[in-house]
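Quick notes on the structure that follows.
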2 protein chains.
Amino acid sequence: MDQIEIFKALSNKTRLQILTWLKNPEIYFAPEHRNADGVCVGMIQEKAGLTQSTVSEYLTMLKKAGLIEATRVGQWTYYKRNEEAFAALSKLIESEI
Amino acid sequence: MDQIEIFKALSNKTRLQILTWLKNPEIYFAPEHRNADGVCVGMIQEKAGLTQSTVSEYLTMLKKAGLIEATRVGQWTYYKRNEEAFAALSKLIESEI
DNA sequence: TCTAAATATCGGAATTTCCCGATATACCAA
DNA sequence: TTGGTATATCGGGAAATTCCGATATTTAGA
């Protein structure tokens with residue numbers, strides 16, 4: 001758990017938005033674009049309004065920080081939150097930092 | 001509470017160290033360099049091993065993010081943690097982000 | 001006053017981040 | 001195979017951050 005990597009990943013408006021969207025995908029994405037593994041990149045990109053490459057990099061960054069997980073299904077990659085990482089971060093701030 | 005400002009402030013090794021030192025000043029600073037208002041800039045600078053201007057700027061940044069508070073006493077400025085901000089951030093990550 | 005000490009602010013070089021377009025890779029379907 | 005779709009990676013210009021030295025400000029004390 002690299003604290004600085006995590007905080008850097010959280011230091012961007014779009015990346016924070018993505019995390020919010022992935023917290024309640026049923027609110028933000030149509031059923032056909034999400035499943036138990038999360039939401040595919042293209043739909044996240046569409047909502048973000050940035051280029052595909054940028055959004056893909058952002059998702060990779062969030063993944064490296066451990067905040068989200070990826071599952072490849074055919075040509076799609078589904079991303080979902082790693083809630084344990086958020087719980088751990090919350091506890092870290094509550095008691096360690 | 002500007003989330004991004006907070007996460008940016010936390011995205012730096014030295015600033016995280018300063019927050020750790022201020023969490024338990026009695027461990028890291030001699031009694032004559034601390035009081036109920038916190039620890040003075042010079043002592044924080046000494047521990048950080050960076051220039052006075054850099055450390056002063058870092059403290060200003062942490063203060064703008066709401067993570068620490070400043071009290072001027074004579075020629076000294078004492079900085080201490082704002083624990084409520086950390087509690088609020090912990091809750092934010094636990095339930096909102 | 002005048003000087004010295006503590007801190008804050010300014011200007012800038014080096015590095016990193018932001019976000020793009022172009023290109024590469026992976027997979028599916030015909 | 002071949003072409004099309006989804007995603008990842010690369011190269012780079014613009015903007016932000018890092019950290020410095022120099023300078024300004026604030027306050028105490030002679």
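To find a chain, count down the sequence lines: A is the first, B the second, and so on, and within it residues start at 1. The structure presented is a predicted model; accordingly, all values stated were derived computationally and were not measured. Side chains are part of it too, since the values below use all heavy atoms of this structure and drop only hydrogens, waters and symmetry mates.
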Would you say the base of dC10(C) and the side-chain of E57(B) have a donor-acceptor pair closer than 3.5 Å? yes
Given side chain to side chain contact (heavy atoms under 4.5 Å, CB included), test V39(B) with W21(B) step by step and report yes or no. CA-CA 9 Å; V39(B) 183; W21(B) 298 334; over 6 Å; no
By nearest-nucleotide position on DNA chain C, the 5'-leaning member of A70(B) and Q52(A) is A70(B)
Does T77(B) make a side-chain N or O approach to OP1 or OP2 of dA8(C) shorter than 4.0 Å? yes
Determine the contact category for Y79(A): base if any of its heavy atoms lies under 4.0 Å from a base atom, sugar-phosphate if only primed atoms, P, OP1 or OP2 are that close, otherwise nothing. sugar-phosphate
Give the nucleotide from the list dT7(D), dC20(C), dT9(C) with an atom nearest to the side chain of S56(B). dT9(C)
Atom-to-atom span, NZ of K13(B) to C1' of dC19(D) - whole angstrom: 15 Å
Between atom CD in E46(A) and atom C1' in dT7(D), what is the gap in whole Å? 16 Å
Roughly how many Å is it from CD1 in I4(B) to P in dT17(C), rounded to a whole number? 15 Å
Of all the choices, dT17(D), dT7(D), dC18(C), which nucleotide is nearest to the side chain of K8(B) once you look at every atom? dT17(D)
Is there a side-chain polar atom (N or O) of N12(A) under 4.0 Å from OP1 or OP2 of dT17(C)? no
In this structure, CD of Q17(A) is separated from CG of L22(A) (nearest 0.5 Å) by 11.5 Å
Side chains of T51(A) and T54(A): any donor to acceptor distance under 3.5 Å? yes
Quick one: the side chain of T51(A) and the base of dG21(C), do they pair up donor-acceptor inside 3.5 Å? no
Begin from the C-alpha positions of L19(B) and F86(B) and carry the test side chain to side chain contact (heavy atoms under 4.5 Å, CB included) through to its verdict. CA-CA 11 Å; L19(B) 292 171; F86(B) 288 88; 3.8 Å; yes
I want to check something: taking the side chain as every heavy atom from C-beta on, are R15(B) and L10(B) in contact at a cut-off of under 4.5 Å? no
Whole angstrom is fine here: how far is it from NE2 in H33(B) over to P in dA5(C)? 15 Å
Which nucleotide, dT7(D), dT27(D), dT9(C), lies nearest any side-chain atom of Q75(B)? dT27(D)
Without decimals, in angstroms, what is the distance between L50(B) CG and dT17(D) P? 18 Å
Per atom distances to the W76(B) side chain, the nearest of dA6(D), dA6(C), dT9(D) is dA6(C)
Could you state the atom-to-atom distance from CZ of R72(A) to C1' of dA26(C) in whole Å? 5 Å
When you get a sec, tell me which of dC10(D), dC19(C), dT18(D) is the closest nucleotide to the side chain of Y58(A)? dC19(C)
By nearest nucleotide on DNA chain D, pick out whichever of M61(B) and G42(A) is the more 5' one. G42(A)
Look at all strands and tell whether T54(B) reaches a base, only sugar-phosphate, or nothing, counting heavy atoms closer than 4.0 Å. base
I68(B) atom CD1 is separated from dT7(C) atom C1', nearest whole Å, by 13 Å
Between dA6(D) atom P and L59(A) atom CG, what is the distance in whole Å? 16 Å
The reported gap from CG in L89(B) to CZ in F7(B) (rounded to nearest 0.5 angstrom) is 5.0 Å
